[in-house]
Amino acid sequence: MAADGFNWFLIVVAVVSSILVTLINVYILVHFQHPEDRNQAWFPKAVVVLGLTLSELSVLLLPLDVANRAACAESVVISACNFALPMADLWTAVYVAMLILIIFVIPFTLFYYEQDHDTSVRGKLASSGWWVLGTFTILGLILGLSYGFVGFVDLPVTTLTSGLALFGADDATFGPAAAACLEKNALARGSVLNAGYACDAGSGGVPTETWSVRTSFPVYVVALTSVVSWVSFIAFGGVGISAVPIDLVKRFLGRPKTVIAKSEYIKIAGKLAQATQVVVAEAREVQREERGTGRTRKTRRALAKIDLRLTQLEDDELTLQKIFPQGEDREASWTMTVSGYYASLVFGVVAGVVSLMWMLHIALYIFPSPPVTPFLNDFFTSLDQAFGLFGTSAFALFCFYMIMCVVKGNIKVGFRLLLFAVYPMKLNGTLMSSFLFNTGLIMLSSISVIQFCARAFDGYAAETSVSEIFGDELNHLRGLGELFANNVFLYVFFGFSLLSMFVLAHTEVRDAHKPKRAIESLYK
């Protein structure tokens, strides 16, 4: 590796990471999409994969930024380094692409996809365009008015000035009080220009003034976007940091223990089909009643019960597929299924350790001033001393884990309007409209994930390009700076994470005491 910072290996890592993340998102799309969307809606699918990939790669850019900076020897100044990756340009390109997707592409695609099938392509394009234009106009007015009235940075400034004396004058000429500086009107002898304002910064008499300067519009847009991003990150990441390990361990504990014979499978499948027909008939009856009387409390309750029964039938179908492996080699298929459940247990334990270390790091390093211990910052540095990329890899793992917590929280709770989920994510049952909406939320959350990781690991990720984006300017923005400077969002995130952990633990304990749904006995 060249001492001036040029490292070809980082380019290989960036390319390979991009390919792997894209493949992971294609896998998520295939397993979550609704059967009605198979082999169609290709453009919305491309937007979803691109959006998820950008949100995850933006988080992985932070450890890449650290590795890019570390490639240059400490003896070489940053301005003289020949970095392999132009990180400042990459950050700008990723953020611009994400904003374009969030503001224009995803809303346009969502509006286009939800148009009636009978509408012509030209009509869909025109209607979607008007909706996006209206949304952009409203956002533009909010941003423009906010920037015009409060788009300033209020910087505290301490002014230290003194009088002037002839060069070479000794202390005896001015007296001991003027040995350190020349106070205004303190001396009226000699050739002294008495223009001093303050004598010593340590004397306690130095006033602090506020210097207000208008910030740039892009920085203000990032600040406002970060506020909205933190709200979604607190909701999804706060739930996901506990839900990831809990659900993985729960999947192992709820695994099927034995397989069933083919005759038993046919019998249960027939019972499932009959139960499904009954539910469908009930749903049609409720819809018929709803067309006559409108949506009433009675019909809403009936539809809620039908939706619950359909969800249970879908779960029963998945369980039936697990306890009756199909294919030529059923034993190998069953072995792979069982191995997958044990892998879930291992990953669940690892995820629990990572979540615990995240919470400890927040409590020990971010909140106290000064920090009790650098904790994970020292951990990453020690790994780097053992091998060059160990620390960076661990750093990437912790950052990527946090965006996965956001994805998990989004799937777990979704976007809720009061008590009702809007655009829910369901395995093998997610329409493209839900995919598009939740992709936008995940992309929005990724902005605060980057800011969070940069703040949490500012000791390890010092002097990186991202520090110029989330620099000290955000902490002094008028009306918003106090939220960032006093770690308000971090305190809320920490409290919400603890609350979510207790709620999820209570829910799992409560469900454990409920009678188990044994599909083998339900449909005999």
Side-chain angles (χ1 to χ4, degrees), residues 18 21-58 93-144 221 224-225 228-229 231-232 235-236 287 307 403 406-407 410-411 413-417 420-447:
S18 301
V21 169
T22 303
L23 293 177
I24 291 173
N25 292 321
V26 171
Y27 177 85
I28 293 174
L29 175 68
V30 170
H31 282 74
F32 273 86
Q33 68 177 345
H34 197 279
E36 294 180 0
D37 289 325
R38 295 187 186 276
N39 300 319
Q40 59 179 336
W42 296 109
F43 181 72
K45 291 177 181 178
V47 172
V48 168
V49 172
L50 178 60
L52 291 176
T53 302
L54 277 177
S55 63
E56 292 157 2
L57 287 180
S58 65
V94 168
Y95 272 112
V96 169
M98 289 176 64
L99 288 176
I100 291 175
L101 279 172
I102 294 173
I103 297 175
F104 294 105
V105 179
I106 290 180
F108 179 85
T109 309
L110 180 60
F111 292 137
Y112 183 91
Y113 180 80
E114 291 197 330
Q115 298 287 328
D116 293 334
H117 293 288
D118 297 335
T119 308
S120 63
V121 174
R122 180 178 296 180
K124 291 181 179 180
L125 291 174
S127 177
S128 303
W130 281 112
W131 275 104
V132 171
L133 180 61
T135 304
F136 179 73
T137 302
I138 294 174
L139 291 176
L141 287 173
I142 295 174
L143 289 172
V221 171
L224 282 183
T225 307
V228 182
S229 175
V231 174
S232 60
F236 299 142
Q287 290 175 350
D307 184 67
I403 193 65
V406 171
V407 175
N410 179 265
I411 296 173
V413 300
F415 181 79
R416 293 187 176 270
L417 189 63
F420 302 98
V422 181
Y423 295 112
M425 295 279 289
K426 297 173 63 177
L427 189 66
N428 296 319
T430 305
L431 295 172
M432 290 310 303
S433 55
S434 297
F435 254 126
L436 290 166
F437 185 83
N438 288 285
T439 297
L441 290 179
I442 293 172
M443 292 183 68
L444 188 64
S445 302
S446 65
I447 298 175

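The residues of the chain are indexed from 1 along the displayed sequence. Reckoned from all heavy atoms, side chains included, excluding hydrogens, waters and symmetry mates.
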Spell out, as yes or no, whether a donor-acceptor pair under 3.5 Å connects the side chain of Ser127 to the backbone of Gly123.
no
Closest heavy-atom pair and its distance - Tyr113, Met432
CZ-CB, 3.5 Å
Do the side chains of Ile447 and Tyr95 get nearer than 4.5 Å, heavy atoms only?
yes
Checking Phe111, Tyr112, Phe108 against Trp131 for ring-ring contact (aromatic ring centres under 6.0 Å, His included), the one that qualifies is Phe111
Please give me the minimum heavy-atom distance between Ser58 and Val94, naming the atom from each residue.
CB-CG1, 3.7 Å
Between CG on residue Leu54 and OG1 on residue Thr22, distance to nearest 0.5 Å:
9.0 Å
Kindly give the heavy-atom pair with the smallest separation between Val406 and Phe236, and that separation in Å.
O-CB, 3.6 Å
Classify the angle between the aromatic ring planes of Phe104 and Phe136 as parallel (below 30°), tilted (30 to 60°) or perpendicular (above 60°).
tilted
Taking atom CG of Leu52 and atom CG of Leu57, what is their separation to the nearest 0.5 Å?
10.5 Å
If we ignore hydrogens and angles and just use 3.5 Å, is the side chain of Thr430 paired with the main-chain N or O of Phe32 as donor and acceptor?
yes
Smallest separation among heavy atoms of Met98 and Ser55, with atom names
CE-CA, 4.4 Å
Donor-acceptor pair, distance only, cut-off 3.5 Å: does the side chain of Ser229 make one with the backbone of Thr225?
no
Main-chain N/O of Gln40 paired with Lys45 side-chain donor or acceptor, under 3.5 Å
yes
Closest non-hydrogen atom pair, Val49 against Asn25:
O-ND2, 4.1 Å
Report, as yes or no, whether the 6.0 Å neighbourhood of atom CZ on Arg38 holds more than 12 heavy atoms from other residues, nucleotides or ligands.
yes
Distance check, rounded to the nearest 0.5 Å: Ile28 atom CD1 versus Leu23 atom CG?
11.5 Å
Rounded to the nearest 0.5 Å, the CD1 atom of Ile442 sits from the CD1 atom of Ile411 at a distance of 7.0 Å
Euclidean distance, Leu29 CG relative to Asp37 CG, rounded to 0.5 Å
9.0 Å
Distance-minimising heavy-atom pair for Leu139 and Ile103:
CD1-CG2, 4.5 Å
To the nearest 0.5 Å, tell me how far Leu110 CG sits from Leu436 CG.
5.5 Å
